[in-house]
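Before any comments, here is the structure.
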Amino acid sequence: MTSRDIVPPHAAAPVRASLAWRSAEAARMGWLEYRALQTPAGLLGATLPRGVLQILFFTTLAGVLAGPGHREYAFAGSLVLALSSTNVNGVVAVPVLDKQYATFARVRTGALSPTVTQIARVLPYPVMGWVLLVVQGAIAAPLLGMTDFALRLLPWAWVYALIALTLSVLGLAGATMTVGKRADVVAPNVLSYLVMLCSGAIVPPGRVGWVDAIGQVLPARHGLDAVRAGMEGRPWLGDLGLEVAAGFGFTVLAALSILLQARRASRHGHDDFE
């Protein structure tokens, strides 16, 4: 007897609809968690101005140290640094809340795969991170006298949306892989600093070999290369494909880590989230 004998073909559509509904509900739960952690006062009073100050600081610093010609390079890169702050570090809340409140057992025994549930709960972070980035860039550009450059950069805002997503899965992978070692908060911070150092956001590639080597496998580096290549009229699809590949790789790492915890719990009755 096969699975086709057990489940009629016409039952597949309701099953798919049920999975879609459950995934959407997991994303809605992630949005409610995000709103509980990131209150309007916190977003407007801390997160938003912090990103603006980062853009102002790194762009101004680059202009002083490397000359006015480097300001445009640094402005495009400082947007990635602002994203790293909100996304790589922000998504730590998803596994950390499960650890604090011992709720991962409910996640892994639900009808929806724990991997899908966790990734769905992460979705508000890249969306809101990108929205905040657009606002931060719009505020910082006039203050730096770079409104014209910001308007030329605007058609490439969708690439920054992709970078927001890849940085979010980087943070999720870092947190879930280290949650059992009590380094789930430290690891994303380390990853965030690695992105700052190795993404080519401020310092152009080709200066330090090991920095370039790390940057090749981290998100943001290739997406930023795609933006700069596109603005200069050079081919950019290859860099964009590498950014997608980096994001996919860290998504797989996060998924494997979550599944490993679920399988460990099924064998031993507990996991590192407890």
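A donor-acceptor contact shorter than 3.5 Å is absent between the side chain of T60 and the backbone of F57. Between the side chain of D212 and the main chain of G206, a donor-acceptor pair closer than 3.5 Å is present. Put simply, the side chain of R71 gets close to the backbone of L144: a donor and an acceptor are under 3.5 Å apart. Side-chain atoms of S257 never come within 3.5 Å of backbone atoms of L253 as a donor-acceptor pair (strictly under, hydrogens ignored).
Heavy atoms of other residues, nucleotides or ligands lying less than 6.0 angstrom from CZ of R234 number more than 12.
Interatomic distance, R121 CZ to S23 OG, rounded to the nearest 0.5 Å: 13.5 Å. In this structure, the separation between CD1 on I55 and CE on M146 is 10.5 Å, given to the nearest 0.5 Å. Within the model, atoms CZ of R228 and CE of M231 stand 10.0 Å from one another, a figure rounded to the nearest 0.5 Å. Between T166 atom OG1 and E243 atom CD the span is 4.0 Å, to the nearest 0.5 Å.
Scanning both residues, L79 and L133, for their nearest heavy atoms gives O-CD1, 3.2 Å. Taking each heavy atom of G137 and F75 in turn, the nearest pair found is O-CZ, 4.1 Å.
Under the 4.0 Å criterion applied to side-chain N and carboxylate O atoms, R221 and D225 are assigned as salt-bridge partners. No salt bridge links R22 with E25; every basic N to acidic carboxylate O contact stays at or beyond 4.0 Å.
With Y125 as the partner, the ring-ring contact (aromatic ring centres under 6.0 Å, His included) test is satisfied by one option alone out of W31, W130, Y34: Y34.
Clustering ILVMFWY residues whenever any of their side-chain heavy atoms sit less than 4.5 angstrom apart, transitively, puts V52 in the very cluster that holds V134. Linking Ile, Leu, Val, Met, Phe, Trp and Tyr whenever their side-chain heavy atoms come within less than 4.5 Å leaves M196 and V211 in two separate clusters.
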